[in-house]
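Since the structure comes first, as structure tokens, the remarks are kept for the end.
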Number of protein chains: 2
Amino acid sequence: MLNMRSILAMFHRILTGMSHSNEKDGFELSKTRRTLPMALLRAREAVMERFRPLLQAHGVTEQQWRVLRVLKEAEETDASDLAEAASILAPSLSRILKTLEARAFIEARKDPTDGRRALIRLTPEGHAFIRQIAPESAAIYAELEARVGRVRIDSLLDDLEALMTALEQI
Amino acid sequence: MLNMRSILAMFHRILTGMSHSNEKDGFELSKTRRTLPMALLRAREAVMERFRPLLQAHGVTEQQWRVLRVLKEAEETDASDLAEAASILAPSLSRILKTLEARAFIEARKDPTDGRRALIRLTPEGHAFIRQIAPESAAIYAELEARVGRVRIDSLLDDLEALMTALEQI
DNA sequence: TCCATTAAATTAACATGTTAATCAAATGAT
DNA sequence: ATCATTTGATTAACATGTTAATTTAATGGA
């Protein structure tokens, strides 16, 4: 990693420093790294990195796992609520549900009181699959919590909640 | 929105409550909403919602815009550094660079000292494009900052930074 | 009751995320 | 100098993100 080339590149960066030759006019962009979108993206990336090996080992994507978890908490829901709860757009959810149904982890039926709505629930196989992964997933989260500190995580979760409340338009 | 059906659904949720019939064994999954991955995802979504109309109006995706911004701060970089700085995986970056090059916003050349490396920089057109969007983008961020509070945002950014530091494995 | 409108879900089309495989160039040890 | 190894970048293949269009069912007013 520390070959001659990267050392020279480091020198270059240090020497050129902040000479970005940007004119200020009062509405400048912030440094990209120090913005909410980038910081949230990178933080999430750092967290998910720890879960990916587990999910991949069991052949589910992050999104599929989210759908399964939400369904476990919800017993039976329609697709709209499911999409909202899992933060997945409707078109993506349509495809994901097909995949999960093909694996027999979920089953769907029409809402008898509203023919447009699809009601989704876990099958016993789906429940079993979650039971199989949940302990490892929880262990990873516990290790992460130990490393970061529960207090810090809780305060971070509260701040994120506050951010979203502040951004709620309507 | 508040039709009879959704009111009945609300009653159902209230009545069924937390009766999820899950056995506790010490390694339970957290409530999906109250986890770092979900909270970070939702928060980012809430923030990006405000920028999407602007980006769409100018025909760039969120990722393309990130690349342009990083390039503006960096003068000239190789693809690896660019990918890292914009939090975009190498394969995605390859495709994005093609798109941006087709629009003449960037130009690429081989690193003369290392034939594998691609050096990327903005063209004058790319600079002009950024100048065109930057004020509106900064204005949106300023409005967001006013709504959330600069202090809260700064503390959030610091916490996110701390989270990533705590998660740095190596 | 009829029909225009609204709503839930899917499909379409294109961009990106993700991992694996490939290719070309540089590196390092012999 | 040679060759196996490593590295930077691209391509491949499939899943999801994103917006628009479409389909089907429900709703609401004449």
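Naming: A, B, ... by sequence-line order, numbering from 1 per chain. Only a predicted model underlies this, so the values are computations on that prediction, with no experimental measurement involved.
- Between the CZ atom of A:Arg44 and the C1' atom of D:dG17 there is a distance of 13 Å, given to the nearest Å.
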Could you run down the sub-3.5 Å N/O contacts of the protein with nucleotides 19-24 of chain D?
residue	atom	partner	partner atom	Å
D:dT19	O3'	B:Gln56	NE2	3.1

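- Panel note: side chain A:Arg44, backbone B:Arg44; no donor-acceptor pair is recorded below 3.5 Å.
- Atom P of nucleotide D:dT10 and atom CG of B:Asp111 are separated by 13 Å, given to the nearest angstrom.
- Atoms CD1 (B:Ile96) and P (D:dG17) sit 16 Å apart, rounded to a whole Å.
- The distance from atom CG of B:Leu82 to atom C1' of D:dA9 is 13 Å, rounded to the nearest whole Å.
- Between A:Asp159 and A:Arg152 there is no salt bridge, since no side-chain nitrogen of the basic residue lies less than 4.0 Å from a carboxylate oxygen of the acidic one.
- A:Thr123 places a side-chain N or O within 3.5 Å of a backbone atom of A:Ala104 that can act as its donor or acceptor partner.
- Residues B:Thr32 and A:Glu73 have side chains that bring a donor and an acceptor to within less than 3.5 angstrom of each other.
- Within the structure, ring pair (Phe, Tyr, Trp, His ring centres under 6.0 Å) pairs that include any residue of residues 69-104 of chain B do not occur (at least two apart or interchain).
- The CZ-C1' distance, from A:Arg109 to D:dA25, rounds to 17 Å in whole Å.
- Using a 4.0 Å heavy-atom distance criterion, A:Thr61 is classed as a sugar-phosphate-only contact.
- Using a 4.0 Å heavy-atom distance criterion, A:Leu93 is classed as making no nucleic acid contact.
- Taking atom CZ on B:Arg117 and atom C1' on C:dC23, their separation rounds to 17 Å, with Å as the unit.
- The side chain of A:Ser80 lies closest to C:dA9 when the candidates are C:dG17, C:dA9, D:dG17.
- Minimum heavy-atom separation, A:Ala134 to A:Trp65: N-CH2, 4.3 Å.
- The CG atom of A:Leu55 sits 13 Å away from the C1' atom of C:dT18 (whole-angstrom rounding).
- Each of A:Arg95 and A:Glu45 was matched to the nucleotide of DNA chain C holding its nearest heavy atom; the match closer to the 5' end belongs to A:Arg95.
- Look at B:Gln63 and you won't find any side-chain N or O under 4.0 angstrom from OP1 or OP2 of D:dG17.
- Minimum atom distance to the side chain of A:Ile88 is reached by D:dG17, of the listed D:dT11, D:dT18, D:dG17.
- Residues passing the salt bridge (charged side-chain N to carboxylate O under 4.0 Å, His left out) test with A:Glu107, sequence neighbours excluded: none.
- Residue contacts shown for A:Ala90 include a base, since a base heavy atom lies under 4.0 Å away.
- Of the two residues contacting DNA chain C, namely A:Lys98 and B:Ser92, the nearest-nucleotide position lying further toward the 5' end is that of A:Lys98.
- Spacing between atom CD of B:Glu62 and atom C1' of C:dT16 amounts to 10 Å, rounded to whole angstrom units.
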